[in-house]
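Take a look at the structure below.
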Amino acid sequence: MTTLGGRLQAAIERRNWSGREAARRLGISQQTVRNLLADQTHRGDPFRPSRATLLKIADGLGEPVHPWLALAGYEVDKVDQGAEMLAGKIDLLSPDDRQAIEQLVDSLLISKGYVHPAVVRAHEEVARPVGHAVSVEEGALDPAAQP
């Protein structure tokens with residue numbers, strides 16, 4: 001089972017932050033970071049930060065707050081919790097893996113008829129870096145091949 005400390009440790013390691021740097025960037029005390037990483041207070045009791053602290057952590061990491069609240073034992077909306085927990089898991093993946101997941105989701109949405117392929121392609125055009133080739137299968141020419 002994932003804990004608050006485990007989730008924070010993973011986030012800190014992905015960013016190559018020290019505990020002190022994490023505290024500064026997240027706007028929380030170094031002692032709070034230490035308590036979270038140890039998953040307990042100095043008395044051995046489970047550490048349960050306030051909602052405000054969890055909001056600072058999630059905001060500082062650019063992550064949704066629902067997974068953090070759920071791990072701390074706070075009640076969260078079940079629909080939002082499921083989506084946010086999935087997003088939190090996907091955030092742990094490499095950029096290439098996240099892109100593969102996005103393509104899979106786009107494929108499922110199109111195959112189930114939830115979105116039209118043109119909507120997905122329009123979104124890809126906005127997100128695609130300049131000079132990135134569009135496949136011929138998508139019905140477009142490779143910009144790099146044009147005169």
Side-chain angles (χ1 to χ4, degrees), residues 1-41 44-140 142-143:
M1 181 174 113
T2 303
T3 64
L4 283 171
R7 186 176 178 98
L8 183 60
Q9 182 69 43
I12 289 172
E13 287 175 2
R14 279 194 315 275
R15 291 162 177 82
N16 294 317
W17 291 348
S18 66
R20 176 178 288 181
E21 179 73 2
R24 185 184 69 75
R25 289 180 179 250
L26 301 176
I28 60 177
S29 73
Q30 289 181 40
Q31 185 61 50
T32 298
V33 171
R34 284 191 291 271
N35 287 343
L36 280 165
L37 294 176
D39 283 318
Q40 62 185 18
T41 63
D45 299 324
F47 182 64
R48 186 175 189 210
S50 68
R51 287 177 177 266
T53 297
L54 294 169
L55 184 58
K56 285 180 183 181
I57 292 169
D59 188 52
L61 295 171
E63 297 181 0
V65 72
H66 287 90
W68 292 95
L69 291 169
L71 284 173
Y74 290 101
E75 191 169 322
V76 294
D77 183 292
K78 295 294 182 193
V79 173
D80 287 342
Q81 180 183 358
E84 303 263 357
M85 290 292 273
L86 179 59
K89 289 177 182 179
I90 291 170
D91 186 51
L92 297 174
L93 299 173
S94 70
D96 287 342
D97 289 342
R98 286 194 303 268
Q99 184 178 13
I101 295 292
E102 183 178 7
Q103 290 170 350
L104 175 65
V105 170
D106 288 346
S107 245
L108 284 170
L109 291 172
I110 291 168
S111 72
K112 300 290 184 182
Y114 293 117
V115 296
H116 189 274
V119 172
V120 173
R121 275 192 226 110
H123 173 72
E124 288 172 353
E125 289 299 323
V126 171
R128 183 174 288 116
V130 176
H132 183 78
V134 177
S135 74
V136 176
E137 294 173 11
E138 294 179 22
D142 180 348

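Treat the numbers as computed from the prediction; the structure is a model and nothing was measured.
- A pairwise comparison of heavy atoms in G6 and D39 identifies N-OD2, 4.2 Å as the closest pair.
- With rounding to the nearest 0.5 Å, the separation of OG1 in T32 from CZ in F47 is 4.5 Å.
- For S111, there are no side chain to side chain donor-acceptor pair (under 3.5 Å) partners at least two apart in sequence or on another chain.
- Once rounded to the nearest 0.5 Å, the distance linking CG of L36 with CD of Q31 reads 10.0 Å.
- The heavy-atom pair separating L61 from A11 by the smallest distance is CD1-CB, 3.8 Å.
- By the side-chain contact (heavy atoms from CB on, under 4.5 Å) test, I101 is found to be paired with I90, L93, V105, residues two or more places apart in sequence or in another chain being considered.
- Residues passing the side chain to side chain donor-acceptor pair (under 3.5 Å) test with R25, sequence neighbours excluded: E21.
- W68 and A58 make their closest contact through CD1-CB, 3.8 Å (heavy atoms, listed as atom of the first residue, atom of the second, distance).
- Taken to the nearest 0.5 Å, the CG atom of L8 stands 10.0 Å off from the CG atom of L54.
- With sequence neighbours excluded, no residue satisfies side-chain contact (heavy atoms from CB on, under 4.5 Å) with D59.
- Contacts of R51 classified as side chain to side chain donor-acceptor pair (under 3.5 Å), with partners at least two apart in sequence or in another chain: none.
- Residues that satisfy the side chain to side chain donor-acceptor pair (under 3.5 Å) test with S107, not counting sequence neighbours, are absent from this structure.
- Separating the OG atom in S18 from the CZ atom in R24 is a distance of 9.0 Å, to the nearest 0.5 Å.
- Remark: D91 pairs with R14 by the salt bridge (charged side-chain N to carboxylate O under 4.0 Å, His left out) rule, at least two apart or across chains.
- The shortest non-hydrogen separation linking L26 to K56 is O-CB, 3.5 Å.
- Proximity of I12 to L37: side-chain heavy atoms (C-beta onward) are separated by under 4.5 Å at one or more points.
- Pairing each heavy atom of G60 with each of W17, the nearest pair is O-CH2, 4.3 Å.
- Evaluation of the salt bridge (charged side-chain N to carboxylate O under 4.0 Å, His left out) rule for R34 yields no partner, not counting sequence neighbours.
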